[in-house]
Amino acid sequence: MKANSAVTLIKILALLCLPVLCVSQEFDFFYFVQQWPGSYCDTKQSCCYPTTGKPAADFGIHGLWPNYQDGKYPQNCDSKNPFNPDKKRSKLCIEQVDFIDSLSFVWQVKITDLRSSMQKNWPTLACPSGNGVGFWTHEWEKHGTCSESVLDQHGYFQAALGLQKQVNLLQALTSAGINPDGRSYSLSNIKSAIQETVGFTPWIECNTDTSGNSQLYQIYLCVDTTGKNLIECPVFPRGKCGSEIEFPSF
């Protein structure tokens, strides 16, 4: 009986605290962004492989970014909810309930079950070499905290990993004869190959290699606010590529 009363009390107090917890802003859709490691590394800045070793020659996740339909986006929405690779400890309105010593009001959302998948599919290429935690921390704190109204920390990273399973960009391109071999390909052909496979229009971001040539860097697809379903993009980012772009090897 005491256990049931405690559970009921926890639920009531948690509901009372919701207005305080819901600091994240509303948003209209996500950009799901994947990057080609060969293009990240083939720049004047170069790259460093993660401490776990060289990533696979495949598109890796860059991020899942909440956006508005006017092209703007929220960022750094909750400084009180930092990324923790092992567990997230969030005290629920502890200042309001600290008179109950028996209730710690600590939620733990572990992402340890996702860590190996994140190391494989969401690798860092920044220098100096790292294990990915710095990269994931940045993505969660800048972008993920702005989706807290629908996704907790575990759900945010799980959603991005799930989207990548839905979208095999490299297979879509190679099936159309577009290979990471250092040659140049038509930008329109690249877009068409992805659209025909995925069913939605991508946006392509380019960067420049050490010789100043435009190359395929990142591919954006849009996702609804659940973080599960691809949609047509309400708006595309700014920037443009040349009509012919390189697809470097890795």
Side-chain angles (χ1 to χ4, degrees), residues 30-65 67 70-73 75 119-132 134-139 142-143 160 163-164 167-198 200-222 233-250:
F30 287 103
Y31 281 131
F32 177 53
V33 187
Q34 295 188 71
Q35 64 184 11
W36 179 248
S39 299
Y40 185 104
C41 293
D42 188 13
T43 62
K44 292 180 180 179
Q45 177 181 306
S46 191
C47 71
C48 294
Y49 297 154
T51 53
T52 50
K54 182 180 178 180
D58 201 353
F59 284 89
I61 299 170
H62 185 169
L64 184 63
W65 304 340
N67 270 259
D70 63 2
K72 297 178 182 179
Y73 59 91
Q75 58 181 322
Q119 287 174 334
K120 177 183 177 183
N121 301 298
W122 203 326
T124 178
L125 290 168
C127 295
S129 295
N131 60 6
F135 185 21
W136 305 330
T137 297
H138 170 79
E139 291 302 310
K142 181 176 181 179
H143 302 288
L163 288 166
Q164 193 190 44
V167 181
N168 191 326
L169 295 176
L170 185 59
Q171 185 178 69
L173 293 172
T174 56
S175 295
I178 301 170
N179 301 294
D181 52 14
R183 293 192 295 168
S184 293
Y185 295 92
S186 162
L187 177 62
S188 61
N189 288 345
I190 291 172
K191 288 182 177 179
S192 295
I194 296 170
Q195 184 171 13
E196 288 175 9
T197 300
V198 175
F200 297 94
T201 307
W203 190 79
I204 309 298
E205 179 182 354
C206 294
N207 64 0
T208 54
D209 65 14
T210 53
S211 301
N213 299 310
S214 182
Q215 58 185 0
L216 174 59
Y217 174 40
Q218 298 196 130
I219 298 176
Y220 292 60
L221 290 164
C222 290
C233 289
V235 62
F236 288 119
R238 295 181 179 179
K240 72 181 208 178
C241 301
S243 58
E244 297 279 328
I245 59 176
E246 291 184 1
F247 192 8
S249 60
F250 180 64

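Model, not experiment: these values are computed from the prediction. Side chains are part of it too, since the values below use all heavy atoms of this structure and drop only hydrogens, waters and symmetry mates.
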Quiz item: Measuring from N67:CG to Y220:OH, what's the distance to the nearest 0.5 Å?
Solution: 9.0 Å

Self-check item: S175: side-chain hydrogen bond (donor to acceptor under 3.5 Å, both in side chains) partners, not counting sequence neighbours
Solution: none

Practice problem: Can you measure from OG (S186) to CD (E244) and round to the nearest 0.5 angstrom? | Solution: 5.5 Å

Quiz prompt | Minimum heavy-atom distance between I219 and L216, given as atom pair plus value | solution = CG1-CD1, 4.1 Å

Self-check item: Within 6.0 angstrom of Q171 CD, more than 12 heavy atoms from elsewhere
Solution: no

Donor-acceptor pairs under 3.5 Å, side chain of residues 44-64 to any protein atom, not counting sequence neighbours: which ones?
| unit_1 | atom_1 | unit_2 | atom_2 | d |
| --- | --- | --- | --- | --- |
| T51 | OG1 | G130 | O | 3.4 |
| H62 | ND1 | Q218 | OE1 | 2.5 |

Quiz item: Looking only at heavy atoms, which two atoms of Q195 and T201 are closest? And how far apart?
Solution: NE2-OG1, 3.1 Å

Quiz item: Roughly how far apart are S192 OG and L187 CG, rounded to 0.5 Å?
Solution: 9.0 Å

Quiz item: Looking only at heavy atoms, what is the nearest atom pair of A176 and A193, with distance?
Solution: CB-CB, 3.6 Å

Exercise. First locate atom NZ of K191, then atom CH2 of W203, and finally report the distance between them rounded to the nearest 0.5 Å.
Key: 8.5 Å

Quiz item: What are the two closest non-hydrogen atoms of C206 and I245, and how far apart are they?
Solution: SG-CG2, 3.7 Å

Practice problem: Kindly determine whether F250 and C41 satisfy side-chain contact (heavy atoms from CB on, under 4.5 Å), including the steps that lead there. | Solution: CA-CA 8 Å; F250 180 64; C41 293; 3.9 Å; yes

Quiz item: Can you name the side chain to side chain contact (heavy atoms under 4.5 Å, CB included) partners of S39, sequence neighbours left out?
Solution: W36, N207, Q215, Y217, P248

Practice problem: Check whether any side-chain heavy atom of T43 lies under 4.5 Å from a side-chain heavy atom of T208, and answer yes or no. | Solution: no

Quiz item: Under the side-chain contact (heavy atoms from CB on, under 4.5 Å) criterion, do D70 and V235 qualify, and how do the steps go?
Solution: CA-CA 7 Å; D70 63 2; V235 62; over 6 Å; no

Exercise. To the nearest 0.5 angstrom, please state how far the CG atom of L221 sits from the CG atom of L163.
Key: 9.0 Å

Quiz item: What do you reckon, is OH of Y73 surrounded by more than 12 foreign heavy atoms closer than 6.0 Å?
Solution: no

Quiz item: Between Q164 and F32, which heavy-atom pair has the shortest distance, and what is it?
Solution: N-CZ, 3.7 Å

Self-check item: Identified ring pair (Phe, Tyr, Trp, His ring centres under 6.0 Å) partner of H143 from the options W65, Y31, F135
Solution: W65

Self-check item: Any side-chain heavy-atom pair of I204 and I194 under 4.5 Å
Solution: yes

Quiz item: What's the shortest heavy-atom distance between N189 and I178, and which atoms?
Solution: O-CD1, 3.7 Å

Self-check item: Pair W136-T124, side-chain contact (heavy atoms from CB on, under 4.5 Å): steps then yes or no
Solution: CA-CA 9 Å; W136 305 330; T124 178; over 6 Å; no

Quiz item: Roughly how far, to the nearest 0.5 Å, is the CG atom of D181 from the CZ atom of F247?
Solution: 8.5 Å

